[in-house]
Every structure is written in C-alpha cells, then in structure tokens.
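Letters A, B, ... are given to chains in the order of the sequence lines, protein chains preceding strands, and every chain is numbered from 1.
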Amino acid sequence: MAPAGTLRGQIAEAGPAVTVHNADIAATFEKVADLLEIEGANAFRVRAWRKAAQTIAALPRKLSDMVGAGEDLRELPGIGEDLAARIAEIVDTGKLALLEEIERRTPGDLAELMDLPGLGPKRVLALHETLGVTGIEDVLRAARTGALRKLPGFGPKLQEQILHALTTRGAGEKRMRLMVASAIADDLLGHLRTAPGIGEVAVAGSFRRRKETVGDLDLLASGSTPARIVDHFMTQEDIAAVVEKGGTRATVILRGGLQVDLRAVPAESFGATLQYLTGSKAHNVALRRLARADGLKLNEYGIFRNRDQLAGRTEEDVYAMLGLPWIPPELRENQGEIEAAREGRLPRLVTRADIRGDLHIHTRASDGSATLAGMAAAARALGYEYIAITEHSQRVTVAHGLDETRLAEQIDEIDALNATLKDLAILKGVEVDILEDGSLDLPDSILRRLDIVLGAVHSAFGLDRDAQTDRLLRAMDNPNLNLIAHPTGRLIGRRDAMEIDMPRLIDGAARRGVFLEINGQPDRLDLDDRHCHMAKLAGLRMALSTDAHRPSDLEFMAGAVDQARRGWIEAGDVLNTKPLGQLRKLLKR
DNA sequence: GCCGTTTTCGGCCCGACTGTTTTCAGTCG
C-alpha cells in the first residue's frame with residue numbers, strides 16, 4: 001500500500017470538505033435547546049429539540065450519509081420538516097445559522113451554566129439579567145463575593161452548593177464501567193436487605209438496561225414503612241455525603257464518588273417503580289403517552305384510572321395494562337421497542353444459556369496466564385461444547401506473539417489434547433495482526449491449517465476513516481480470515497474507537513462471509529450496542545467472545561451478551577450459539 | 001417543534017425534594 005499520507009491526500013481532494021458526525025449534530029441541538037429554554041421559549045419547542053438530539057445521538061446510521069443519499073429525515077422520530085432542514089444545513093455547511101443568531105442574543109456561554117447543580121434556565125436567565133453573567137467565571141466571582149445569594153430565588157445554601165461544584169469540578173463525574181458498578185451494587189443491595197420490614201430490592205436505571213457505563217446507581221426497595229428503609233440505607237458505611245433525603249427517597253454520594261439514588265415504596269407499587277426507575281426517560285415518556293391515550297395515568301406508583309390503581313405490583317402488570325408484552329430492559333431506549341412490542345415482533349434476545357462456546361481465548365503461549373489444558377478445563381466447567389485458542393501473531397512482540405513455527409507447534413499440541421477430550425472440542429485458531437496495509441501478519445500456508453482466523457488491529461489506530469476502512473476490507477479479502485476481533489479498537493475511557501465507515505465495513509463483511517466480534521472485555525465491549533444493531537439489520541452474524549487471558553476471564557461473556565442484547569441480537573444472529581458442525585460450515589468461506 | 005385510533009389544531013409525562021417561601025417555584029430524575 002502507498003504511504004498513508006499519500007492515500008489521505010487523494011481522498012481529501014476527492015471527498016467532501018468535512019465530515020459532520022451525528023454526535024456533533026446532537027450536541028448542537030442540545031445547545032439550541034438550552035439557549036432557547038434560557039430565553040423562555042415555548043417549553044414544548046425546547047423539548048422537541050432535545051428529543052431530536054436524543055434520536056440523533058442514538059441513530060445507528062450516519063446522518064451525513066443519509067442526507068447525501070437524499071433520504072427523508074422526517075421519517076425519524078421527533079424530526080419534522082423544520083428540524084430535518086436544520087440537520088441538512090449542519091451537514092452541508094458545518095454550521096447552524098439559528099444557533100449563531102441565538103448566540104448573538106445571549107453572549108458568552110450561558111448553556112454551560114445549566115450543568116451546574118441548582119441552576120436551570122430560570123436562574124441562569126436571572127443571573128444574566130441582574131448580574132450580567134455570561135459564563136462560568138462570572139458565576140464563580142458572584143458566588144465568591146456573595147452577590148449570588150442576594151438575588152431573589154437564590155440563597156446562601158444555593159450559593160454554597162454552586163461554589164462547591166465549581167471548586168471541585170471534574171472530580172468524580174466520570175461514568176463508571178458496568179462491571180465495576182456491579183460489585184458496588186451487590187454491596188448496597190446486601191445492606192438494604194437487612195432493613196426492617198424489607199420486601200424486594202433491585203437495581204434499576206442504566207445499570208439494569210446494561211449500558212456499558214453508568215453515571216449513578218438507582219436502587220429501589222419495597223416495604224411496609226418506606227421511611228424506615230431510607231433511614232436504614234443511610235447507615236451504609238460507604239456513604240460520604242447526603243445530597244437529599246426524604247420519606248421515600250434519598251440521594252447520596254459514596255466514598256468513591258459514585259452517586260446512588262434510593263427509592264422506597266410499598267409492595268403494590270414495586271413493579272411500577274422498577275419500571276419508572278429503569279427508564280430510559282424517553283421510553284417512560286412514550287409509555288405515559290400511551291397511558292394517557294387510554295384515559296389512564298402512569299406514574300411510579302402504578303397505572304391509575306382516576307383514583308383506582310389498576311396495576312403496579314409487577315412490571316408485567318404495568319406493560320399488560322398498556323396492551324404490551326413485557327419489554328426487556330436492554331431495549332428500553334424508545335428506539336422502536338414499543339412499536340415492536342405492540343406488533344408482537346419483539347426480538348427473542350440472546351441469553352448466556354444460548355452460548356455454546358468461546359471463540360477468542362489466549363494461553364500462556366502468548367500473553368495469557370494459563371496453560372492450554374487449564375483454559376480447556378475452565379471452559380468445560382462452564383458447559384461449553386467448544387472453544388477456539390487464538391494467540392497473538394508475531395508482530396505483537398510485547399504479547400509474545402507466535403510466529404509460523406510456534407503456531408505449528410501449538411497446532412500439534414491442540415491435536416494431542418483434542419484426542420484426549422470427549423466433551424469439548426478445541427478449535428485451532430489465531431488472532432492475527434492486521435498490518436497497516438491490510439495484509440496479515442502470518443503467511444497463508446499456516447493460516448490455511450487453522451479452524452478459525454481472527455484478524456485484529458493493534459497498531460496504527462489513527463488512520464483516517466477511509467484508509468482505516470480500506471485496511472480492514474483488504475484484510476477481509478484474504479479468504480482465510482473469518483472474523484474481525486474488537487473491530488473498532490476502543491478502550492472505554494482511554495482510547496477512542498478507530499475512525500471506521502461502519503456501514504461499509506458491515507456490508508463488506510457480509511459480502512465476503514466474514515463475521516464481526518462482540519468482545520466482552522469490560523473496557524472493550526466492541527462492537528458497541530449501536531453497531532451490533534446496525535450489523536443485525538444488515539443480516540450479519542456476530543461472535544460473542546471474551547478475549548480471555550485467564551480462566552476467570554471467561555466470565556466476560558456476560559458483558560458481550562449485554563451489548564448484544566442492547567443491539568437487539570437474537571440467538572440466531574450469533575455464531576457461537578450454533579452446534580459445532582454448523583459452526584464449522586459457517587467458518588468455511 | 002412534532003404529531004395524529006384525540007388527525008391539520010391543540011395538545012404535549014409525572015412526582016419528590018430543597019430552598020426560599022408565607023403557599024410554591026425551580027430543579028431533578
């Protein structure tokens with residue numbers, strides 16, 4: 001391949017000047033919503049911009065592509081004629097005239113003030129009009145001089161709260177990886193279960209929806225005397241600060257910085273509260289609209305007709321009262337799941353029990369810590385029918401990647417072990433490096449002898465979108481390649497996903513009979529939920545794998561299953577739900 | 001600004017807690 005610089009230069013000349021990402025458009029829409037709200041615009045108009053921003057942020061396809069193809073954006077939920085034109089404007093020009101117009105009216109950055117606790121549109125406007133505040137620095141000054149607390153509607157408590165937030169900014173506001181939050185949640189639930197008169201307990205929120213990271217934990221508990229449950233919860237020793245506390249609700253900050261919300265309700269409302277706290281917000285709003293349409297009211301205590309509670313004890317009752325089957329929490333993002341439920345076409349999401357094997361495993365031959373026999377034993381203990389051993393290739397020297405000779409030795413070793421195993425098949429594989437030019441790091445002569453070949457990128461993550469996509473497609477041109485491992489290379493919170501034209505990659509994989517991996521490592525979860533859904537819509541099968549480097553890592557399968565479920569993936573979409581015979585056929589290109 | 005088994009106008013989810021109030025607005029989830 002030509003040097004990357006040359007290729008980039010050619011593409012820059014031929015392609016569009018700038019690529020506008022969906023996230024940029026969503027951020028622009030959010031900013032418009034903030035500023036309109038501060039200006040006192042119609043609340044429903046503000047909501048329309050926010051709803052559109054959510055739709056855009058969760059969209060599995062690139063808006064710039066859709067605009068380029070002349071598609072009708074008004075078919076997207078919450079996008080009408082006006083907002084469709086605004087999107088096209090941003091895609092075409094990289095700017096939004098309306099936002100520039102509003103910014104001329106409201107100097108500085110008033111929108112960012114909305115992020116401060118206790119500051120909403122009304123108080124931000126008051127700050128601007130009475131003190132001439134235009135940004136964070138002005139607020140800090142007003143709080144320090146004491147001018148802030150003298151304003152009507154403000155007070156010493158609020159001033160102190162804002163000052164505290166401004167001086168400790170950046171600390172503890174990072175989202176936490178799901179697996180880390182799990183351990184904390186277990187402790188908190190254990191403590192809650194010892195409360196007097198306790199009934200059921202649960203974790204709701206984005207944790208229950210299995211989002212890859214959580215910003216806080218939402219706990220709920222049922223019991224005869226909610227206030228006593230809240231009181232008991234406050235005795236948890238990890239609590240560093242109490243943000244608020246009432247008779248049914250409390251918000252606290254743990255020592256580690258994680259925010260935890262607790263809601264305590266009577267048993268007859270547990271299901272409704274679980275539903276309400278699980279969200280997402282957009283899903284809940286949509287459900288409440290459904291309820292209203294039937295002359296009902298849905299809140300966190302149940303479904304009501306006038307004063308009569310019709311449902312609320314279980315989530316199933318709540319959904320049933322709205323004419324819907326129970327919807328798995330992973331789907332509750334208002335991304336079509338309510339319509340699917342109503343029409344009886346909810347997916348039967350893949351479960352851990354559907355998984356028959358793990359197709360991405362390392363041993364100490366490369367950078368794993370266990371022996372081949374050790375990993376095989378751990379897999380048998382999980383009841384797997386098969387596993388694939390997939391070491392790194394020679395290029396990854398820090399991981400003791402295998403060259404042709406060492407891989408040949410491992411092939412013999414696996415053959416020998418297979419001969420002694422009755423209830424587990426070990427597939428001979430490799431995680432071969434995809435080099436910068438798209439070639440593979442081992443010769444075809446050895447790849448041909450393997451049952452499964454994963455290709456993976458471990459270098460040159462920074463290529464531009466077209467070069468990176470071309471690189472992966474070129475790797476897939478090698479008929480020995482079966483699967484792209486951790487396709488985007490992201491490390492949550494540490495390294496961004498590579499720039500990849502995902503629709504083109506998915507289409508290319510489908511055409512070539514190549515599959516994509518959903519890597520279950522807690523900091524990878526790659527493909528992510530949106531890309532999973534995109535791949536499913538394209539009819540592409542995926543492998544759910546752990547990339548295990550030690551026996552306990554095989555448990556990472558849970559994370560891969562979570563991502564898959566959020567992406568609407570069913571057992572039939574997954575390679576490693578197939579019996580060994582079928583799997584082998586699918587691995588023949 | 002969007003949307004429609006309430007359909008082109010008139011609606012748009014709902015409640016808890018706090019702080020600043022003297023009966024409730026604002027914020028948050």
Side-chain angles (χ1 to χ4, degrees), chain A residues 29 32-34 36-38 40-55 73-87 98 113-127 148-162 165 204-206 214-220 226-227 230 242-252 259-265 269 272-273 275-304 318 322-323 334 338 342:
Chain A
F29 272 43
V32 169
D34 283 348
L36 284 176
E37 198 173 16
I38 291 168
N42 179 300
F44 298 109
R45 183 180 171 212
V46 173
R47 188 185 297 175
W49 281 89
R50 287 203 204 287
K51 185 173 189 298
Q54 278 183 358
T55 297
L73 302 181
R74 290 177 302 177
E75 304 205 341
L76 299 171
I79 310 274
E81 192 171 347
D82 182 80
L83 295 184
R86 307 284 186 189
I87 292 170
L98 174 69
L113 302 188
M114 300 263 284
D115 290 339
L116 292 171
L119 287 193
K122 298 291 196 304
R123 287 181 181 142
V124 168
L125 183 64
L127 283 172
L148 199 140
R149 73 178 152 85
K150 297 204 181 79
L151 295 180
F154 290 71
K157 284 272 179 66
L158 193 57
Q159 173 173 289
E160 182 51 38
Q161 186 185 17
I162 289 170
S206 52
V214 297
D216 64 6
L217 282 179
D218 298 286
L219 307 185
L220 75 155
V230 175
V242 179
V243 178
E244 66 179 33
K245 174 183 176 296
T248 68
R249 220 178 81 173
T251 297
V252 302
Q259 177 173 316
V260 180
D261 297 333
L262 170 71
R263 194 76 184 254
V265 294
S269 292
T273 307
Q275 193 287 313
Y276 161 74
L277 282 180
T278 297
S280 66
K281 189 170 178 175
H283 177 88
N284 287 356
V285 168
L287 282 193
R288 287 176 177 190
R289 282 184 60 145
L290 277 186
R292 281 183 70 93
D294 287 344
L296 305 173
K297 185 171 72 169
L298 171 60
N299 59 28
E300 59 262 54
Y301 297 108
I303 293 192
F304 298 84
V318 171
L322 297 173
N334 198 27
I338 294 173
R342 188 163 42 208

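In this structure, CD1 of A/Ile162 is placed 10 Å from P of B/dT20, rounded to the nearest angstrom. Between the CZ atom of A/Arg263 and the P atom of B/dC14 there is a distance of 15 Å, rounded to whole Å. Atom C1' of nucleotide B/dC3 and atom CG of A/Leu290 are separated by 14 Å, given to the nearest angstrom. Between the CD1 atom of A/Ile38 and the P atom of B/dT27 there is a distance of 10 Å, given to the nearest Å. Atom-to-atom, CE of A/Met114 to P of B/dC28 comes out at 8 Å; the value is rounded to the nearest Å. Counting to the nearest Å, the P atom of B/dC9 and the CZ atom of A/Phe44 are 19 Å from each other. Rounded to an integer number of Å, the gap from A/Leu158 CG to B/dT20 C1' is 10 Å. Distance A/Asp261 CG to B/dC17 P: 12 Å, rounded to the nearest Å.
Look at the C1' atom in both B/dC17 and B/dG11: the space between them is 29 Å, to the nearest Å. Distance check on atom C1': B/dC9 versus B/dG15 gives 29 Å, rounded to whole Å. Remark: the separation of the P atoms in B/dT20 and B/dG26 is 14 Å, to the nearest Å. Taking atom P in both B/dG29 and B/dT23, the straight-line distance is 29 Å, to the nearest Å. B/dT6 sits 26 Å from B/dG1 when the P atoms are compared, rounded to a whole Å. Nucleotides B/dC28 and B/dT22 have their P atoms positioned 23 Å apart, rounded to a whole Å.
Nucleic acid contact class of A/Gly247 (heavy atoms, under 4.0 Å, all strands): sugar-phosphate only. Within 4.0 Å of A/Ile79, counting heavy atoms only, lie sugar-phosphate atoms of the nucleic acid but no base atom. Looking at heavy-atom distances under 4.0 Å, A/Leu277 makes no contact with the nucleic acid at all. Using a 4.0 Å heavy-atom cutoff across all strands shown, A/Ala293 reaches at least one base atom of the nucleic acid. Using a 4.0 Å heavy-atom cutoff across all strands shown, A/Lys281 reaches at least one base atom of the nucleic acid. Contacts of A/Thr251 with the nucleic acid, taken as non-hydrogen atoms under 4.0 Å apart, are absent. When heavy atoms are screened at a 4.0 angstrom cut-off, A/Asp216 is found touching no nucleic acid atom at all.
Considering only side-chain atoms of A/Asp82, the nucleotide from B/dG19, B/dC14, B/dG1 that sits closest is B/dG1. Distance from the side chain of A/Leu83 is smallest for B/dC2 among the nucleotides B/dG15, B/dC2, B/dT20. Of the candidates B/dT18, B/dG15, B/dC14, B/dC14 carries the atom nearest the A/Arg288 side chain, counting heavy atoms from C-beta on. Considering only the side chain of A/Pro156, B/dT20 comes nearest among B/dG1, B/dT20, B/dC14.
At B/dG15, one or more side-chain N or O atoms of A/Lys297 fall inside 4.0 Å of OP1 or OP2 (strictly under the cut-off). Contact between the side-chain N/O atoms of A/Thr248 and the OP1/OP2 oxygens of B/dC17 is found at a separation under 4.0 Å.
Atom CD of A/Glu244 sits in a crowded spot, with more than 12 heavy atoms from other residues, nucleotides or ligands closer than 6.0 Å.
Each of A/Gly80 and A/Lys122 has a nearest nucleotide on DNA chain B; the 5'-most of these lies closest to A/Gly80. Where A/Gln161 and A/Lys51 meet DNA chain B, the nucleotide closest to each residue was compared, and A/Lys51 sits on the side nearer the 5' end.
Residue A/Tyr276 places a side-chain atom within donor-acceptor reach of the base of B/dG29, judged by atom type and a 3.5 Å distance cut-off alone.
How far CZ of A/Arg123 is from CG of A/Leu113: 13.5 Å, rounded to the nearest 0.5 Å. Atoms CG and CG, on A/Asp261 and A/Leu220 in that order, are 11.5 Å from each other to the nearest 0.5 Å. Here the CD1 atom belonging to A/Ile87 is positioned 6.5 Å from the CG atom belonging to A/Leu76, to the nearest 0.5 angstrom. Note that NZ of A/Lys281 is 8.5 Å distant from OH of A/Tyr276, once rounded to the nearest 0.5 Å.
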>> Checking A/Arg149 against A/Glu160 for the side chain to side chain contact (heavy atoms under 4.5 Å, CB included) test, could you report, in this order, the C-alpha distance in whole Å, the side-chain angles of both residues, the deciding distance, and whether it holds?
In response: CA-CA 9 Å; A/Arg149 73 178 152 85; A/Glu160 182 51 38; over 6 Å; no
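In summary, the side chains of A/Gln54 and A/Asn334 do not present any donor paired with an acceptor at a separation below 3.5 Å, with no hydrogens or angles considered.
Figure legend. B/dG19 is base-paired to B/dC24; pairs are counted as Watson-Crick or G-U wobble with both atom distances under 3.5 Å.
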